[in-house]
Amino acid sequence: MNSELLTEFTYFILAIFVGIEVISKVPTILHTPLMSGTNAIHGIILIGAILIAANATSPLEIILGFVAVLLATLNVVGGFVVTDRMLEMFKGRQAPAKQEKK
Amino acid sequence: MNVWIALAYLLAAVLFILGLKQLSGPRGARRGNQTAAVGMVIALLATIPLLHFTVAGIVVTLLGLAIGAPVGAISARRVHMTAMPQMVAAFNGVGGGAAALVSISELLHQGLHPAFQIGFPSIFSMVVGGISFAGSAIAFAKLQGLITGTPITYAGQQVVNAFIAIAIVGLAIANLVVASQPIFFVPLLVLALVLGVAFVLPIGGADMPVVISLLNAFTGLSVAATGFVLNNFALIVAGTLVGASGTLLTTLMSQAMGRSLANVLFGAFGQIQAGAGAAAATAEGKTVRAGSPEDVGTMLAYARKVIVVPGYGLAVAQGQHALKELADELEKRGVEVEYAIHPVAGRMPGHMNVLLAEANVPYEQLREMDEINGEFPSTDVALVVGANDVVNPAARNTQGSPIYGMPILNVDQAKNIVFMKRSMRPGFAGIDNELLYDPKTIMLFGDAKDSLTKLVAAVKAA
């Protein structure tokens with residue numbers, strides 16, 4: 001195992017723990033927006049798509065690159081916008097704090 | 001890699017983590033999404049110096065961005081709140097598809113014997129991304145009503161799926177050990193797509209949110225694997241974050257439905273269906289009491305306390321504004337109105353909260369299941385609007401029912417029950433609800449929005 005791979009593997013393992021820790025206490029009402037938000041974050045595949053599309057030369061590479069960039073852009077843009085729209089609904093409202101009887 | 005690029009990626013990773021943290025609390029949720037979006041922009045800009053454009057490359061990249069961005073933004077803006085779940089499925093699927101395509105492109109470059117640390121993640125990313133793409137497409141089709149939402153099963157299905165999975169592992173090993181070439185990895189991609197379809201088909205429409213969440217985690221892992229192939233820190237960290245948090249979220253979601261993840265995925269649903277069919281047959285002989293809007297309106301107007309149980313039927317009919325109007329009218333008369341929100345009401349957890357918030361229902365009136373369940377015995381009327389499975393006592397009483405063990409709203413303890421439904425058809429889980437035949441239940445048939453509008457008039461007249 002070379003040192004670059006070792007470093008990458010370290011990031012990978014640490015990111016697993018961070019990913020679990022960071023959302024460990026999420027109220028049910030936020031499950032959907034959170035899923036949608038994480039969905040937008042994996043749109044980072046756009047970086048990968050652009051990396052392969054940028055230096056495409058053969059027709060096959062060009063097609064693969066184009067479709068990959070297109071799909072990844074849909075993922076990242078659509079993902080963030082749809083999440084924002086869901087969360088917009090909660091705007092200006094208090095968190096469901098203590099219930100008080102009228 | 002340039003130091004500045006590495007630092008920009010690190011900043012992006014920090015923003016993703018902070019964004020997720022904020023997203024998991026109600027106060028900062030919207031800001032959290034924006035934080036993550038800023039991280040994304042930074043990561044993308046930082047990548048530009050890494051690129052070596054060919055002419056064709058720059059054209060297709062810009063073209064892909066120019067088409068994808070407006071289409072993504074407009075479809076996300078335009079989609080109805082009710083169609084939100086399938087929209088998320090679609091965006092997840094295209095992400096998985098993109099990851100698979102990137103891996104294929106890399107595989108074509110790698111030659112016959114790439115190093116294991118490159119060859120393995122390439123194959124992994126292609127297979128998992130392919131499963132996510134095809135599975136999300138089926139989830140989308142089920143939720144959109146393009147194909148039936150009921151589980152599609154046949155004899156020996158699990159065995160067939162297991163064989164596909166074994167074939168995938170076999171071909172993957174062949175590609176890594178013998179030689180990396182299209183005769184191995186093209187069939188591998190096809191099998192991954194087939195498995196994605198085969199894996200989601202037998203899962204019922206009501207469980208789609210859990211499936212989408214799982215496929216979301218899959219796409220995350222696939223993206224992380226692509227990161228190993230391309231030696232890209234941003235992809236590894238962001239992909240892994242999504243993979244890990246998505247897996248946890250998936251288990252949290254199945255817990256909210258009172259089921260284990262394995263139960264959702266490899267579904268007892270298919271097997272128990274026969275037993276549920278028998279139960280439905282016994283219900284045939286029973287009678288239901290159908291009421292007019294006037295009857296129900298009068299009953300509501302003279303109640304002291306009404307609990308509304310909203311479900312997907314309300315969302316489909318876009319009846320949330322009419323419901324709010326009815327509640328206002330009742331409150332004017334001094335009736336106490338509250339809303340009981342089941343954790344999985346609608347098609348996704350939190351779906352109802354979003355919908356009712358849109359109609360300006362005060363947040364304080366939305367009560368979670370555990371809080372409100374004790375109040376049903378002192379409730380005069382439980383008004384069930386387009387919900388069914390989440391109030392089905394079979395979840396408490398009938399062992400062997402597909403929903404047995406799922407926590408439900410104790411609507412059966414209320415003094416009167418009104419079911420607003422389009423027909424006697426069972427709910428999304430496809431099982432009969434004995435509560436519909438209960439002597440204290442009145443059925444009000446019709447479109448939820450129409451019926452609610454009629455109820456408003458009836459309450460005014462009462």
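Note on naming: letters A, B, ... go to the chains in the order of the sequence lines (proteins, then strands), and numbering restarts at 1 for each one. Here the structure is a predicted model, which means the values were calculated and not measured.
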Any chance you could measure [X], atom [atom1], to [Y], atom [atom2], to the nearest 0.5 Å?
X	Y	atom1	atom2	value
A/Ile47	B/Thr226	CD1	OG1	11.5 Å
A/Phe9	B/Ile236	CZ	CD1	11.0 Å
A/Met35	B/Leu252	CE	CG	12.5 Å
B/Leu51	A/Asn55	CG	CG	8.5 Å
B/Thr219	A/Asn39	OG1	CG	7.5 Å
B/Arg30	A/Asp84	CZ	CG	4.0 Å

**OP:** Without swapping roles, check the side chain of B/Thr54 against the backbone of A/Ala56 for a donor-acceptor pair under 3.5 Å.
**Re:**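 The answer is yes, because a donor-acceptor pair under 3.5 Å joins these two groups.
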
Original post:
Within the side chain of B/Asn33, is there an N or O that forms a donor-acceptor pair under 3.5 Å with the backbone of A/Phe80?
Top reply: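 Yes, B/Asn33 side chain to A/Phe80 backbone: donor-acceptor pair under 3.5 Å.
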
Could you check which of [options] has the highest count of heavy-atom pairs closer than 4.5 Å to chain B?
options	value
A/Val22, A/Ile62, A/Thr57	A/Val22
A/Thr32, A/Val76, A/Thr83	A/Thr32
A/Ile23, A/Val69, A/Leu46	A/Ile23
A/Ala53, A/Ala54, A/Gly19, A/Ser36	A/Ala54
A/Ile44, A/Val81, A/Leu51	A/Ile44
A/Gly48, A/Ser58, A/Ala49, A/Gly79	A/Gly48

[Y] side chain reached by [X] side chain, heavy atoms, under 4.5 Å:
X	Y	result
B/Asn231	A/Glu4	yes
A/Asn2	B/Gln117	yes
B/Leu241	A/Ile41	no
B/Thr47	A/Ile50	no

**OP:** Decide side-chain contact (heavy atoms from CB on, under 4.5 Å) for A/Ile52 and B/Glu106; before the verdict, give the C-alpha distance in whole Å, the side-chain angles of both, and the deciding distance to 0.1 Å.
**Re:** CA-CA 8 Å; A/Ile52 62 149; B/Glu106 284 299 307; 3.5 Å; yes

Interface residue of largest heavy-atom contact number with chain A, from [options], under 4.5 Å:
options	answer
B/Ala36, B/Ala46, B/Ala12, B/Gly220	B/Ala36
B/Val59, B/Ile74, B/Val79, B/Thr247	B/Val79
B/Val229, B/Val242, B/Ile67	B/Val242
B/Val55, B/Leu235, B/Asn216, B/Val102	B/Asn216
B/Val71, B/Ile58, B/Leu65	B/Leu65
B/Phe228, B/Phe53, B/Phe116	B/Phe228

What part of [X] lies closer than 4.5 angstrom to a heavy atom of chain A: side chain, backbone, both or neither?
X	value
B/Ser105	both
B/Arg31	neither
B/Leu62	neither
B/Ser75	neither
B/Leu230	side chain

**OP:** Please determine which of A/Leu71, A/Val67, A/Leu70 meets the side-chain contact (heavy atoms from CB on, under 4.5 Å) test together with B/Val94.
**Re:**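 Among the candidates, only A/Leu71 passes.
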
Heavy-atom pair with the smallest gap, counting every atom of [X] and [Y]:
X	Y	value
B/Met84	A/Met86	CG-CE, 3.3 Å
A/Ala15	B/Ala244	O-CB, 4.4 Å
B/Gly95	A/Ile45	O-CG2, 4.0 Å
B/Ala76	A/Gly78	CB-O, 3.7 Å
A/His31	B/Met253	ND1-CG, 3.8 Å

Subject >> Greater than 12 external heavy atoms within 6.0 Å of A/Glu21's CD >> reply: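 Check fails, neighbour count at 12 or below.
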
Original post:
Which bit of A/Leu74 is near chain B, if near means a heavy-atom gap under 4.5 Å: side chain, backbone, both or neither?
Top reply: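 Both parts, backbone and side chain.
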
Subject >> Region of A/Ile13 that comes under 4.5 Å of a non-hydrogen atom in chain B >> reply: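 When you check distances to chain B, no heavy atom of A/Ile13 falls under 4.5 Å.
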
Subject >> Partner set under ring-ring contact (aromatic ring centres under 6.0 Å, His included) for A/Tyr11, not counting sequence neighbours >> reply: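 Counting only residues at least two positions away or on another chain, A/Tyr11 forms a ring-ring contact (aromatic ring centres under 6.0 Å, His included) with B/Phe233.
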
